[in-house]
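Scroll down for the structure; my scribbles are underneath it.
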Amino acid sequence: MKLNKNFITHSNGKNHFIVSTCANNFNGMVKLNSTAMFIVICLKKDVTEDEIVSKMLDAYEVDDENARKAVRHVVEQLSSIGAIDM
């Protein structure tokens with residue numbers, strides 16, 4: 001899976017956003033927390049859920065189950081607005 005080319009990321013230090021550049025399914029922006037932004041950055045390259053979870057385990061003090069839940073939640077939310085190409 002990979003971030004759809006019609007979505008870009010923006011971060012100004014404290015605030016993180018994903019912005020639609022095309023008015024197909026979703027026209028707007030979504031404010032992300034730092035964990036969701038980490039996942040979105042991983043999605044800039046073609047990546048699997050397991051690869052993102054592995055990167056989260058390296059970057060955060062989190063167990064596999066909670067990392068996987070976070071990844072699935074973010075992927076589900078981004079998929080609902082067409083931001084992820086499977």
Side-chain angles (χ1 to χ4, degrees):
M1 67 187 141
K2 186 175 181 181
L3 187 65
N4 182 293
K5 65 180 177 166
N6 294 319
F7 287 80
I8 59 171
T9 59
H10 176 73
S11 181
N12 65 5
K14 285 182 151 180
N15 298 304
H16 311 287
F17 302 92
I18 183 170
V19 182
S20 171
T21 62
C22 183
N24 285 343
N25 297 332
F26 177 81
N27 185 19
M29 75 174 136
V30 177
K31 186 174 181 180
L32 306 170
N33 65 26
S34 59
T35 304
M37 187 63 167
F38 179 90
I39 294 167
V40 167
I41 289 169
C42 291
L43 288 165
K44 288 187 174 191
K45 296 181 180 178
D46 195 18
V47 67
T48 66
E49 178 182 305
D50 288 336
E51 290 170 326
I52 298 172
V53 169
S54 177
K55 289 178 183 187
M56 284 189 68
L57 293 173
D58 290 341
Y60 294 96
E61 289 186 25
V62 63
D63 60 53
D64 185 86
E65 180 182 349
N66 286 315
R68 195 164 301 279
K69 283 181 186 177
V71 171
R72 286 184 181 156
H73 178 73
V74 171
V75 167
E76 180 180 290
Q77 295 298 309
L78 293 176
S79 293
S80 74
I81 62 169
I84 295 181
D85 295 328
M86 293 296 201

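Note that these values count all heavy atoms, side chains included, but never hydrogens, waters or copies made by symmetry.
- Test Val30, Ile39, Ile84 against Leu78 for side chain to side chain contact (heavy atoms under 4.5 Å, CB included) and you get one pass: Ile84.
- Between Lys44 and Thr9, the side chains place a donor N or O and an acceptor N or O closer than 3.5 Å (distance only, hydrogens not considered).
- Nearest approach of Glu49 to Met1, heavy atoms of both residues: N-CE, 3.5 Å.
- Separation of atoms NZ (Lys2) and CG (Asp46) is listed at 6.5 Å; rounding is to 0.5 Å.
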Check against side-chain contact (heavy atoms from CB on, under 4.5 Å), Leu3 and Asp85: CA-CA 6 Å; Leu3 187 65; Asp85 295 328; over 6 Å; no

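- Using the six-membered ring where Trp is involved, Tyr60 and Phe38 have ring planes that are perpendicular, over 60° apart on the 30 and 60° scheme.
- With Asn6 contributing its side chain and Ser20 its backbone, the two residues share no donor-acceptor pair below 3.5 Å.
- Within the 4.5 Å cutoff, the side chain of Ile8 has no heavy atoms near those of the Phe17 side chain.
- When all heavy atoms are compared, the tightest approach of Lys55 to Cys42 is CD-SG, 3.7 Å.
- Note that CD1 of Ile18 and CD of Gln77 are 12.0 Å apart. Values are rounded to the nearest 0.5 Å.
- Between Leu57 and Ala67, the shortest heavy-atom distance links the atoms CD2-CB, 4.3 Å.
- Note on Ile41 and Val71: same hydrophobic cluster, where clusters join Ile, Leu, Val, Met, Phe, Trp and Tyr whose side-chain heavy atoms are under 4.5 Å apart, directly or indirectly.
- Rounding to the nearest 0.5 angstrom, the gap separating the OG atom in Ser79 from the CG atom in Asn4 is 10.5 Å.
- No donor-acceptor pair closer than 3.5 Å links the side chain of Ser54 to the backbone N or O of Asp50.
- Put simply, CE on Met37 and NZ on Lys31 are 12.5 Å apart, with the number rounded to the nearest 0.5 Å.
- Under the 4.5 Å side-chain criterion, counting only non-hydrogen atoms from C-beta, Met86 is in contact with Val75.
- Listed for the Glu51 side chain is a donor-acceptor partner under 3.5 Å among the backbone atoms of Thr48.
- Across all non-hydrogen atoms, the minimal contact from Val62 to Met56 is CG1-O, 4.0 Å.
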- prompt: Should Arg68 and Val53 be marked as a side-chain contact (heavy atoms from CB on, under 4.5 Å) after you check the CA-CA gap, both sets of side-chain angles, and the distance that decides it?
  reply: CA-CA 6 Å; Arg68 195 164 301 279; Val53 169; 3.9 Å; yes

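- In terms of heavy atoms, Ile81 sits closest to Phe7 at O-CZ, 3.5 Å.
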